[in-house]
Amino acid sequence: MFLGRTEELSIMEDAYNSEKFEFLVLYGRRRIGKTSLLQEFSRLHKTLFYSAQEKNDALNLSDFSKAVQMYFENQFFSDFKDWNTAFSYISNKLNNEKLVLIIDEFPFIASENPAIKSMLQHTIDHIWKQKNIFLILCGSSVSFMEDEVLAHKSPLYGRSTAHIELKAFDYIESSAFFPRYSNLEKLIAYGILGGVPCYLETFDDKKSITQNIASKILKEGTFLKDEPIFLLRQELREPAVYNSIFEALAGGATRINDVASKIHEEAQKCSKYMSTLQSIRLIKKCVPCGEDSSSRKSIYRISDNYFLFWYHFLFEQKSYYEILGAENSAKEIMQPENINTHLGKVFEEIALEYMIRLAKKQKLPFVPVQYGKWWGNNPARKMQDDIDVLLTDKNEEKIIICECKFRNDQFDKEEFESMISRSSIFQKAKNTGKIYFYAFSKSGFTKWVCEHAAENNVTLVSIDDMFLN
């Protein structure tokens, strides 16, 4: 069953219902569900769907020729001599009926024949702009689609009427894959698998999470067993260096110099590799909320939950788990002291997703302009401090401070008071009295915290609260 992507399908439906030329650029990292989205759209509408492959230009042109001729003639008669001839044939066949032309994995064609971008641009400008055609170009190479299709230097620049970077599902969207799970189990499953649809589809919610880890992740020959390695080999050269970077990040290194030191590489080289991982959306650069992207406090984090889980648990301990066996290894991973450590990092991101959902529904005290994690100097405590999630207005006159605890103990008085003390960092908001607090806890709150929350402007958020509409 196809789940989610309602917003993206709505954009595509609007373009389909238009009576003029429409051109959608769809892109996103591998495994994110682009082809499934296109297939779902094609199930609803008649489409000329061509999926390019990693082969030479002549063979892709031959395959495209077959797809075009079967669409219009229900038979294949011969290869077009070149792409211009193929596009001309399509143009000549156009009438008042809507034509949806989808070219999936467009970078495979354009990397072998860069001139195709100019050919398409010429065809669009001189013929298709006056026709009732909906063109979709799709690609898994994010940097290629942004630089070679959407960017100013591309011949296709300015021709697209819409573009979508397909992102991973958030925790609510991901929970639809596990209707039988409790809310806590849904959150843990998301913390392990992330929001990539084909990863989410692997878990069977008739089985426990421990059983799924054993049978779907640790068992030899399963799709997820070595997925990060296979994806890196597919996307990148020198996967050994990238493996080392991921291991360092999963182990707690956050700055380029720290990562470089751990993997025994030069910082400049390490920076280049990490930029590549950013471009394929597997790691992200973070700065303290409210600071410029060039901040010297920049740190790096693994942005994909499954990659974080895999490098945290499986990469370094692969031999140990193979000796221990899949079932016993899964039980060890799911011990609270192990899984809670992993989920503690992810829980902050989930809390931010929750706050953004509230903001979109106008359910926060103000509309935040800046949001994310914060770290820096706390003048009141005279020490370096951090805030799990911070949301502010433009001038930091209104702020929300969030504290997140994913552990088996209740959120207690000491943590409550520590959260409140962080208000001293933001003098503008303290002067206006517009400081709000949200406390997130896996295991609930002590009686003292519940009694003192309202008078301190603190909203208490349980796991079940995070799944309320």
Rounded distance [0.5 Å steps], [atom1] in [X] versus [atom2] in [Y]:
{"X": "Leu231", "Y": "Asp226", "atom1": "CG", "atom2": "CG", "answer": "12.5 Å"}
{"X": "Glu417", "Y": "Glu415", "atom1": "CD", "atom2": "CD", "answer": "11.0 Å"}
{"X": "Gln317", "Y": "Ser329", "atom1": "CD", "atom2": "OG", "answer": "9.0 Å"}
{"X": "Arg5", "Y": "Leu166", "atom1": "CZ", "atom2": "CG", "answer": "3.5 Å"}
{"X": "Glu353", "Y": "Leu358", "atom1": "CD", "atom2": "CG", "answer": "12.5 Å"}
{"X": "Ile172", "Y": "Phe467", "atom1": "CD1", "atom2": "CZ", "answer": "5.0 Å"}

Using a strict 4.0 Å threshold on nitrogen-to-oxygen distance, state whether [X] and [Y] make a salt bridge.
{"X": "Asp170", "Y": "Arg357", "value": "yes"}
{"X": "Lys373", "Y": "Asp386", "value": "yes"}
{"X": "Arg281", "Y": "Glu146", "value": "yes"}
{"X": "Lys284", "Y": "Glu349", "value": "yes"}
{"X": "Glu397", "Y": "Lys434", "value": "no"}

Is it the case that [X] and [Y] place a side-chain donor and acceptor less than 3.5 Å from each other?
{"X": "Ser140", "Y": "Lys34", "result": "yes"}
{"X": "Tyr273", "Y": "Glu238", "result": "yes"}
{"X": "Asn408", "Y": "Lys442", "result": "yes"}
{"X": "Glu227", "Y": "Tyr199", "result": "yes"}
{"X": "Ser462", "Y": "Asp464", "result": "no"}
{"X": "Glu105", "Y": "Ser51", "result": "no"}

* To do: For a ring pair (Phe, Tyr, Trp, His ring centres under 6.0 Å) with Phe313, tell me which candidate from Phe309, Trp310, Tyr311 qualifies.
  =>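 Checked Phe309, Trp310, Tyr311 against Phe313; only one passes ring pair (Phe, Tyr, Trp, His ring centres under 6.0 Å): Phe309.
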* Asked: Please walk me through it: do Tyr354 and Phe440 pass ring-ring contact (aromatic ring centres under 6.0 Å, His included)?
  -> CA-CA 10 Å; Tyr354 171 78; Phe440 294 80; 5.6 Å; yes
* To do: Determine, using ring centers only, whether Phe307 and Phe246 are less than 6.0 Å apart.
  => yes
* Between Asp393 (side chain) and Val367 (backbone), is there a donor-acceptor pair under 3.5 Å? -> no
* Could you tell me whether a side-chain N or O of Thr161 sits under 3.5 Å from a main-chain N or O of Phe23, the two making a donor and an acceptor? => yes
* Taking the inter-plane angle between the rings of Phe445 and Phe411 on a 0 to 90° scale, is it parallel (under 30°), tilted (30 to 60°) or perpendicular (over 60°)? ->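 Tilted.
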* Once the angle between the rings of Phe406 and Phe347 is folded into 0 to 90°, is it parallel (under 30°), tilted (30 to 60°) or perpendicular (over 60°)? -> perpendicular
